[in-house]
Number of protein chains: 2
Amino acid sequence: MEVTSRAKKPSRSATIVEVATAANVSIGTVSRYINGLSVRKPEQIRAAIEELGYFRNALAGSIRSRATKTVGILVPNFDEFHARILAGTANHLRQAGYSALTVTYADTANSLSEAVDFLVGHRVDGLIVGNLSAENKSLAKVFQTGMPMAFYNTHPDGWSVDRVEVENCDVTTRAMEHLIDIGHTHIGIVTGTIGQRPHDERLRGYRNAHINAGLPIDPALQQPGNGTRREGYEAANRLMSASPQPTAIFSSNYQMTIGVLQLLRERNIRIPDDISLISFDDVDLFALLDPGITVIAQPLADIAKEVTRVMLERLSAQQMVPPVSVRLDCNIVLRGSTRPPKKAD
Amino acid sequence: MEVTSRAKKPSRSATIVEVATAANVSIGTVSRYINGLSVRKPEQIRAAIEELGYFRNALAGSIRSRATKTVGILVPNFDEFHARILAGTANHLRQAGYSALTVTYADTANSLSEAVDFLVGHRVDGLIVGNLSAENKSLAKVFQTGMPMAFYNTHPDGWSVDRVEVENCDVTTRAMEHLIDIGHTHIGIVTGTIGQRPHDERLRGYRNAHINAGLPIDPALQQPGNGTRREGYEAANRLMSASPQPTAIFSSNYQMTIGVLQLLRERNIRIPDDISLISFDDVDLFALLDPGITVIAQPLADIAKEVTRVMLERLSAQQMVPPVSVRLDCNIVLRGSTRPPKKAD
DNA sequence: TTGTATGCGTTATCAT
DNA sequence: ATGATAACGCATACAA
């Protein structure tokens with residue numbers, strides 16, 4: 001296409017009225033043409049639209065119709081985890097005729113409120129919220145208005161709301177039992193932020209495995225990593241300074257695992273010879289390392305699919321239906337990072 | 001906060017009229033309160049808003065004011081590269097009072113047109129476009145209307161438009177010269193999609209290094225990877241089947257590099273003992289591998305900062321100013337993946 | 001500083 | 001299937 005000229009200043013887009021005039025029909029007819037209904041002279045209208053460079057103003061339309069065909073998505077960031085869920089969700093929404101309006105929020109309550117205000121201000125038809133556990137006043141206000149809402153991964157305590165979550169506890173127990181089965185008795189855990197449901201559950205799974213096996217639970221082997229790479233690094237550092245040293249580490253999410261890997265590498269502690277490692281979350285990285293990291297893999301595509309399905313059903317529900325709760329299983333992917341511990345000297 | 005009750009059906013949000021009535025003032029006064037202007041009885045209005053659960057309808061406001069204070073961002077996906085630029089851009093925009101409306105597009109022209117229509121339909125004040133080289137009819141139409149636009153990484157040929165790009169060619173040449181300096185004479189390249197400006201430039205940089213050094217350019221050592229992980233894998237496979245085999249590989253983006261790493265691992269070809277590797281783009285992964293991968297690192301934070309700055313200046317420009325073109329330098333980060341080639345047997 | 005009236009571009013309604 | 005017109009919720013200009 002030739003791009004020959006360009007308006008010097010942003011020009012006001014043509015309106016439906018101008019299109020109607022140019023096409024010699026009424027605005028009602030143009031409106032119906034735009035919305036795919038049958039009209040008598042489509043070609044005239046099409047030509048007028050083309051000629052005038054008309055772009056429908058979705059804002060104006062939504063004001064009147066009270067529907068934006070848009071779902072707001074609220075995520076803390078665009079990391080690998082959320083990125084993949086976002087991609088799936090946006091895709092499924094589109095196929096159902098909805099668009100996704102994605103906003104990220106920082107740690108502060110204020111940032112979250114602003115994000116919520118933005119989405120509600122733009123009159124999204126529904127709201128999908130990822131990884132949010134803490135209450136928030138704005139969000140609670142929106143919730144009370146009856147806004148269709150779906151959470152994935154975690155949701156505020158006591159809210160009766162649609163949600164899609166993975167089973168964290170049992171799968172962690174099974175992963176720990178794998179370590180115990182091959183001889184580990186000193187297993188360290190790098191925990192996420194305690195108080196966040198998924199991380200509480202993962203810690204509980206870790207403990208359950210110890211209880212089931214009759215192993216003691218050593219507080220020195222439970223180090224908080226707060227979900228970040230940096231704190232994962234420091235938690236690993238503390239773990240490797242504990243006495244007796246753990247012969248295996250379980251890291252509760254992939255960001256912290258990256259920190260753990262960094263620490264182990266700096267201290268020249270080799271996997272799996274010197275220590276075994278299991279991580280929650282599977283990312284490309286872990287399969288490519290040598291050895292590959294054994295992981296508990298969340299079904300990201302399924303989370304995206306389910307949370308979208310739940311939202312779409314909520315949006316199309318004619319009457320009140322009780323909130324649905326979907327629980328998905330994780331897979332344990334065995335790679336080379338776990339091995340029986342070295343014999344004590 | 002207690003979440004005691006919830007509306008059974010999505011309830012229409014209160015309007016500014018209802019707030020005005022409840023607060024015993026006029027809508028004009030409420031409007032000014034909302035927009036931060038001084039009013040006589042702010043507390044009454046605040047209380048009414050709180051009481052009614054009022055959320056300002058940004059759609060209605062924008063329709064009238066013809067400004068959304070929103071910038072559309074168009075990216076192909078949420079991969080690490082774009083994710084980090086998005087995070088920075090959204091942040092800088094927010095500080096300037098703008099919101100980001102992010103949309104992804106698939107490979108098809110149709111998908112891109114839909115994304116453009118969505119953004120323009122929502123009357124974004126400006127448009128930031130990432131990694132787009134091919135022309136697109138919808139985008140060209142929008143461009144001609146004078147919509148403020150800024151591209152990063154690449155832009156359609158012949159468009160006189162704001163852009164932020166990195167220097168691809170010379171830095172690639174320098175990276176190749178590093179390989180040549182330590183003795184490599186058979187260097188393979190996994191190219192991105194030819195025809196895309198950055199990838200054309202990287203290939204040219206690769207060739208220039210050969211020309212400068214008086215080395216032959218072997219077509220068998222240039223394999224297309226099309227920017228994807230899978231094709232990077234296959235390109236590496238072809239390279240390692242070439243005769244003579246390359247002693248070093250340059251991979252033109254990180255997705256393809258992951259494919260290359262996978263292939264090398266499967267064929268048990270060790271880095272750097274059996275082959276040296278340099279990748280364009282730096283991601284966490286590459287620093288954590290053993291050995292770390294030597295990379296050409298794009299200044300992601302700077303790209304985000306500059307493209308936002310350029311956009312904001314364009315938005316605030318009172319009159320026509322000529323398009324600006326920003327060119328940023330990349331850094332070569334030497335890690336352990338490059339070493340002199342093994343002596344031929 | 002306040003209230004009133006008008007305009008924004010679209011969809012919904014209803015009579016034709 | 002079409003045209004005319006009300007309605008949507010807010011910002012803005014203007015008069016007070």
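A note on names: the letters A, B, ... follow the listed sequences, proteins ahead of strands, and every chain is numbered from 1.
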Participant: When you measure from every atom of DNA chain D, which of residues 60-72 of chain B have a heavy atom less than 4.0 Å away?
Facilitator: B:A60, B:G61, B:I63, B:R64, B:S65

Participant: Please report the distance, rounded to the nearest Å, between CD1 in A:I49 and P in C:dG9.
Facilitator: 16 Å

Participant: Tell me whether the OP1 or OP2 atom of C:dG3 has a side-chain N or O from B:S26 closer than 4.0 Å.
Facilitator: yes

Participant: Check salt bridge (Lys or Arg N to Asp or Glu O under 4.0 Å) between B:R314 and all other residues, then give those that pass, not counting sequence neighbours.
Facilitator: B:D162

Participant: How would you list, by chain and number, every residue that makes a side-chain contact (heavy atoms from CB on, under 4.5 Å) with B:A83, sequence neighbours excluded?
Facilitator: A:F78

Participant: For A:S113, give me all partners under side-chain contact (heavy atoms from CB on, under 4.5 Å), at least two apart in sequence or on another chain.
Facilitator: A:N136, A:S138

Participant: Which nucleotide, C:dT1, D:dC10, C:dT10, lies nearest any side-chain atom of B:R40?
Facilitator: C:dT1

Participant: Measure CG/B:N57 against P/D:dA7 and give the value in whole Å, please.
Facilitator: 18 Å

Participant: Identify whether the distance between the nearest side-chain nitrogen and carboxylate oxygen of B:D157 and B:R197 falls below 4.0 Å.
Facilitator: yes

Participant: Taking the side chain as every heavy atom from C-beta outward, state whether A:R32 and A:N35 have any atom pair closer than 4.5 Å.
Facilitator: no

Participant: Cation over ring, A:K41 on A:Y33, under 6.0 Å and within 45°?
Facilitator: no

Participant: Do A:N77 and A:T104 get their side chains close enough for a donor-acceptor pair, meaning under 3.5 Å?
Facilitator: no

Participant: Can you check the B:E18 CD to D:dG9 C1' distance for me, whole Å?
Facilitator: 10 Å

Participant: Let me know the distance between CG of A:L52 and P of C:dG9, rounded to the nearest Å.
Facilitator: 13 Å

Participant: Looking at residues 27-39 of chain A, who's got a heavy atom less than 4.0 Å off DNA chain D?
Facilitator: A:I27, A:T29, A:R32, A:S38, A:V39

Participant: Please state how far atom CD1 in B:I16 lies from atom P in D:dC10, giving the value in whole angstrom units.
Facilitator: 5 Å

Participant: A side-chain contact here means heavy atoms from C-beta on lying under 4.5 Å apart; do A:L74 and A:V116 qualify?
Facilitator: yes

Participant: What is the distance, rounded to the nearest whole Å, between atom CZ of B:R56 and atom P of D:dC8?
Facilitator: 19 Å

Participant: Would you classify B:R12 as touching base, sugar-phosphate or nothing, given that sugar-phosphate means primed atoms plus P, OP1 and OP2, and contacts are heavy atoms under 4.0 Å?
Facilitator: sugar-phosphate

Participant: Sequence neighbours left out, what passes salt bridge (Lys or Arg N to Asp or Glu O under 4.0 Å) with A:R46? Give chain and number order.
Facilitator: A:E43

